[in-house]
Amino acid sequence: MKKKPVVGVIGATGLVGSEVITLLEERKFPLQTLKLFASSDSAGEIYSFLGEEIEIVNVEKNSFHDIDIAIFTTTPDITDLYLKNALHAGSYCVINSSYFKDNYLKKKKDPLSLIIPDINISDITSANKVYASPCCSVVILAPLLHRINAMKKIKRVTIASYQAVSSAGKNALDELWSQGLAIYNQKDFENEAFQHQIAFNCIPQIDVMMDNGDTREEYRIMHETKEILNIPKLQIHATAVRVPVFHCHSFAINIETDEKVIIDDIYKALDDTKLFSIYTSDAEYPMPLNVVGSDLIHVGRVRLDDSVKHGVALWVVADNVRKGSALNAVEIAEALASIL
Ligand SMILES: NC(=O)c1ccc[n+]([C@@H]2O[C@H](COP(=O)([O-])OP(=O)(O)OC[C@H]3O[C@@H](n4cnc5c(N)ncnc54)[C@H](OP(=O)(O)O)[C@@H]3O)[C@@H](O)[C@H]2O)c1
């Protein structure tokens, strides 16, 4: 008989961790007990879950002894510190931080066990204990590219991403608020979460600059898209810009296909209301303010790109914290719960 798992969220007080808790509740995740972990700063705080009060506990090496599924939504260094303890205790681990990808980048070792359930849910098996959610831009764009590629083979993709501050965590959200207020009140302010002032600005650098002039975020988008789509030779280029928007990433993407493509092909490829919201009228298009809180990938301004033989341009918006991160992690955990 299947048993309901004990689930632990490590980083429960962060933007992604809090959304994971909301989703576990909304989706009626079949769990036995929920355990919430964060740093000593938050220990003792009380969260409500299905009418029960759950106390936040400071995560420690021995925190995992009874955890069946550990969802890591904390910083890469903290994930690095506790992943081995979770594995040693026999927990299945879902990683929602750049830990896996950065490790891969440095050590060029095992292939990534990146999972987007819509694409490769069958890669989740009881034999493998650790699964990673790709970076949120890839969680948003890869299902769309996957569906279009199944209909018309994709040759080349270019991506310009306009990324919300929430993807840099709760301190970054506070920084946009406080800078805006300081400017309004003609007060001095510091830049802490970002390299430059973010209020009323755009910063064309997300994460560190690499030797070839790409940022690490751009590398992740390009590398992880090829990896998850299993198209190693896909021609892909990405530019990632931080914009003064609280929630939701937006993308301008241009896709070149091998054969003739018409706009209706794109509508047909993305005809799945569980995954996409398509705006077919020129009078309407998705924007961060009307997409926040949505589980869907919103696609509008679909038009032909006649600068190449067979090209199409799209505008895509999705909630980076919910769709791009927390929901993907919860869906991986749901798949794990079904095989325990
Ligand atoms: N935000 C997004 O859109 C997004 C998308 C994809 C992936 N991610 C990844 O998800 C992870 C979490 O992101 P986030 O936006 O939720 O960050 P966040 O809002 O800054 O939250 C960070 C969490 O980590 C906890 N933490 C920090 N230091 C700790 C320590 N020493 N011991 C235990 N817990 C500690 C924090 O607990 P305290 O509250 O106690 O400090 C908090 O719960 C990051 O690795 C990020 O790269 C985020």
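Computed from a predicted structure; not experimentally measured. Nothing fancy with the numbering, it's 1 onward along the sequence.
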Output yes when a side-chain donor or acceptor of [X] lies under 3.5 Å from a complementary backbone atom of [Y], and no otherwise.
X: Thr73; Y: Ile10; value: yes
X: Gln32; Y: Lys4; value: yes
X: Ser113; Y: Val130; value: yes
X: Asn185; Y: Leu181; value: yes

Please name the pair of heavy atoms, one in [X] and one in [Y], separated by the smallest distance, quoted to 0.1 Å.
X: Pro244; Y: Ala199; value: CB-CA, 4.4 Å
X: Asn320; Y: Cys248; value: OD1-N, 2.8 Å
X: Asn212; Y: Asp214; value: OD1-N, 2.9 Å
X: Cys136; Y: Ser167; value: SG-CB, 4.3 Å

Who are the side-chain hydrogen bond (donor to acceptor under 3.5 Å, both in side chains) partners of Glu334, not counting sequence neighbours?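 For Glu334 the side-chain hydrogen bond (donor to acceptor under 3.5 Å, both in side chains) partners, ignoring immediate neighbours, are Arg27.
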
Can you list the residues that meet the side chain to side chain contact (heavy atoms under 4.5 Å, CB included) rule with [X], with sequence neighbours excluded?
X: Ala168; result: Ala172, Phe194, Arg242
X: Asp265; result: Met151, Lys152, Val261, Ile262
X: Ala142; result: Ile116, Ile119, Val138, Ile228, Leu229
X: Asp41; result: Ser39

Are [X] and [Y] close enough that some pair of their side-chain heavy atoms sits under 4.5 Å apart?
X: Val157; Y: Gln235; result: no
X: Tyr47; Y: Ile21; result: yes
X: Ser294; Y: Asp319; result: no
X: Thr257; Y: Val312; result: no
X: Ile115; Y: Asp123; result: yes
X: Val6; Y: Phe64; result: no
X: Val59; Y: Tyr82; result: yes

Would you indicate whether Phe189, at its atom CZ, is surrounded by more than 12 heavy atoms from other residues, nucleotides or ligands within a distance under 6.0 Å?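 Yes, the 6.0 Å shell around CZ holds more than 12 heavy atoms from other groups.
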
Tell me which pairs pass side chain to side chain donor-acceptor pair (under 3.5 Å) where either residue lies in [range], with sequence neighbours left out.
range: residues 189-202; answer: Gln179-Asn191
range: residues 321-330; answer: Glu19-Arg322, Glu26-Arg322, Asn96-Ser325, Ser133-Asn328, Asp295-Arg322
range: residues 50-72; answer: Lys3-Asp68, Lys35-Asp66
range: residues 304-316; answer: Asn254-Asp305, Asp305-Ser307

All pairs passing ring-ring contact (aromatic ring centres under 6.0 Å, His included) where residues 240-268 contributes a residue, at least two apart: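 Passing the test, one end in residues 240-268: Trp177-Phe246.
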
Does any donor atom in the side chain of Thr215 or Glu217 lie under 3.5 Å from an acceptor atom in the other side chain? no

Mind checking ring pair (Phe, Tyr, Trp, His ring centres under 6.0 Å) for His298 and listing every partner two or more places apart, or none if nothing turns up?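 For His298, the residues satisfying ring pair (Phe, Tyr, Trp, His ring centres under 6.0 Å) (neighbours in sequence not counted) are Tyr279.
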
Which donor-acceptor pairs under 3.5 Å do the side chains of residues 85-93 make with protein atoms, sequence neighbours left out?
unit_1, atom_1, unit_2, atom_2, d
Ser91, OG, Ile67, O, 2.9
Ser91, OG, Ala86, O, 3.2
Tyr92, OH, Ser126, O, 3.0

Transitively linked via ILVMFWY side-chain contacts under 4.5 Å: Leu31 with Val16?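 Result: yes, single cluster for both.
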
Salt-bridge contact Arg220-Asp207 (side-chain N to carboxylate O under 4.0 Å):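 Looking at Arg220 and Asp207, the cut-off is met.
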
If we check side chain to side chain contact (heavy atoms under 4.5 Å, CB included) with Ile231, which of these qualifies: Asn149, Leu145, Thr225? Asn149

